[in-house]
Amino acid sequence: MLDLEKYGVTMWEKDKILSFRQKLLAWYDENKRDLPWRRSKNPYHIWVSEIMLQQTRVDTVIPYYERFLDWFPTVESLANAPEERLLKAWEGLGYYSRVRNMQTAAQQIMSEFEGKFPSTYEGISSLKGIGPYTAGAISSIAFNLPQPAVDGNVMRVLARLFEVNHDIGNPSNRKLFQAMMEVLIDPDRPGDFNQALMDLGSDIEAPVNPRPEESPVKEFSAAYQHGTMDCYPIKAPKKKPIPIFLKALVVQNSQGQFLLEKNESEKLLAGFWHFPLIEVDEFSDQTQDLDLFSQVAEPILELGPSPQESFEQDYDLEVDWQDLRFEEVKHIFSHRKWHIQIIAGRVTETQEYADREVLWLSPEEFINYPLAKPQQKIWQAYLKRSC
DNA sequence: AATACGTGGCC
DNA sequence: TGGCCAAGTAT
């Protein structure tokens, strides 16, 4: 067992712990939110909700949750779902490896657990995409096992209760909060205890504009008692997303279909369809002019092939590039900020062969394919200029 | 241990 | 607007 004192945390006496549990659960019984997944004890439902809720707001999740269970009502249906359908179910939610990992886990359940959701912490933890938080949440909520579920809410609430002087953003400090929860958790109602702390942390003890005087456990809170609520939790600022500059090629053929390409990378937006993208060092009005009028301009410097030229080579196409300017599309990921310039054109000649997975799609067909946000923004910006 | 991985809402 | 934040996990 981790020594809390070494982290400067003094745990409460047994009586205070019992009294805290009572106070918190009484508050939860009166104030818990009525959420779709709280009406079910089906571990599959709990699992879906917990994965969706990772780094994602409740209001965002609710419609996705309902539709997901409609499309994939059982573990088996999820295990057998085609990739396009899987990504379409998650389109717009973000962190798409979540749903890929879920399918892998569903296949694990079919092959290693005879199609029945594992009912032990060990078994649950063995599933792809389930880390310590989610394993604790499913164990406690669906199986009534006394396992802590330490998420950002719980760490924030605990940091204020005990004036924890450790960065909650540092993953290595999670074990401290885990150890505290192992002592605090109510073994009779572990699922409710975990959820009560999360509910408290997401509203009354929110990271911004908290209302600490409304907390049912303010008498237990060292930070509240000492007037140091503003100091907790400790959290280092995040790094700024790195700017990336891209040209998006929006190219249509004589039948009004547009060229889309599948992202075969296993990293950012894996498996999604997108307009062909070419990364450039940066934008400048000068390079933009050279791009648009490369036929007539006489560049002073020897530049490499233009994005248009590279594109025509890579995709075996000949394109009549249009002299149109579009609004720059911006999209911020957690770690990158994309700046996208749109270049439009019409193909004059196409080859059968292309060394990529590409598709010519009419706009009406777009909805049948998973398209992430940046591509939707590109399409909107393209339409705006074309109208 | 530090970084990659989405998106939308709020101020 | 830019920065912060949200029921984390994999590598």
Side-chain angles (χ1 to χ4, degrees), chain A residues 32-33 35-38 46-65 87 90-102 104-105 124-142 147-157 167-175 177-178 181 191 193-203 205-210 233 235-244 263 265-272 274 330-338 370-377:
Chain A
K32 67 180 170 193
R33 286 175 291 176
L35 302 171
W37 41 91
R38 287 188 175 165
I46 306 297
W47 176 40
V48 172
S49 75
E50 289 300 340
I51 299 296
M52 286 189 171
L53 286 163
Q54 290 172 4
Q55 303 292 285
T56 310
R57 293 171 189 287
V58 166
D59 290 345
T60 303
V61 164
I62 290 174
Y64 282 90
Y65 171 81
L87 293 181
W90 218 263
E91 182 186 87
L93 257 190
Y95 287 151
Y96 300 102
S97 65
R98 289 185 289 177
V99 73
R100 296 174 173 285
N101 289 339
M102 276 188 89
T104 303
I124 294 166
S125 285
S126 75
L127 299 175
K128 184 85 168 174
I130 295 188
Y133 161 75
T134 307
I138 297 173
S139 296
S140 63
I141 297 169
Q147 295 289 347
V150 179
D151 72 338
N153 288 313
V154 169
M155 288 193 284
R156 181 170 57 258
V157 172
D167 185 355
I168 68 166
N170 183 343
S172 67
N173 287 331
R174 209 198 65 89
K175 62 180 182 293
F177 297 94
Q178 177 84 20
M181 280 294 281
F193 186 87
N194 284 331
Q195 292 181 90
L197 238 31
M198 290 190 275
D199 268 21
L200 185 61
S202 68
D203 181 28
E205 295 237 34
V208 279
N209 302 327
K235 196 170 185 190
K238 288 181 181 167
K239 288 171 184 166
K240 274 181 67 169
I242 296 165
I244 303 285
N263 180 6
S265 133
E266 297 193 350
K267 298 177 179 176
L268 189 58
L269 305 179
F272 280 83
H274 61 93
K330 293 173 186 165
H331 186 79
I332 303 172
F333 299 95
S334 42
H335 58 311
R336 293 178 193 185
K337 180 172 182 177
W338 279 6
L371 288 175
K373 213 65 197 177
Q375 277 65 46
Q376 298 186 8
K377 288 181 181 175

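Each chain gets a letter, A, B and so on, in the order its sequence line appears, and its residues count up from 1.
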OP1, OP2 of C/dT9 versus side-chain N and O of A/T134: anything below 4.0 Å?
yes
Under 4.0 Å between a side-chain N/O of A/R98 and OP1 or OP2 of C/dG8, yes or no?
no
Residues in residues 126-133 of chain A with a heavy atom under 4.0 Å of DNA chain C, by number, are A/K128, A/G129, A/I130, A/G131, A/P132, A/Y133
Under the rule for side chain to side chain contact (heavy atoms under 4.5 Å, CB included), what residues qualify as partners of [X], not counting sequence neighbours?
X	value
A/P241	A/I332, A/K337
A/R57	A/T60
A/D203	A/R211

Categorize [X] for me: base, sugar-phosphate, or nothing, with a 4.0 angstrom heavy-atom threshold over every strand shown.
X	result
A/I138	nothing
A/V58	base
A/A372	sugar-phosphate
A/T60	nothing
A/W37	base
A/G92	sugar-phosphate

When the distance from [atom1] of [X] to [atom2] of [N] is rounded to whole Å, what number comes out?
X	N	atom1	atom2	answer
A/L93	B/dT7	CG	P	10 Å
A/L87	B/dG6	CG	P	11 Å
A/K267	B/dA4	NZ	C1'	9 Å
A/M52	B/dC5	CE	P	22 Å
A/L269	B/dA4	CG	P	15 Å
A/L53	C/dT9	CG	P	12 Å

The criterion is ring-ring contact (aromatic ring centres under 6.0 Å, His included); which residues satisfy it with A/F272, sequence neighbours excluded?
A/Y96
Tabulated below should be each protein N or O lying under 3.5 Å from an N or O of nucleotides 3-5 of chain C; please produce it.
residue: C/dC5; atom: O2; partner: A/R57; partner atom: NH2; Å: 3.0

So which nucleotide from B/dC5, B/dG8, B/dG6 ends up closest to the side chain of A/H335?
B/dC5
Quick note, A/Y96 side chain, CB onward, closest among B/dC11, B/dT7, B/dT3 is B/dT7
Polar contact flag, side-chain donor to acceptor under 3.5 angstrom, A/K377-A/H331:
yes
Under 3.5 Å, is there a donor on one side chain and an acceptor on the other for A/Q54 and A/Y133?
no
How do A/E266 and A/N170 order along DNA chain B: which one's closest nucleotide is nearer the 5' end?
A/N170
State whether the side chain of A/D199 and the backbone N or O of A/K32 hold a donor-acceptor pair below 3.5 Å, judged by distance alone.
no
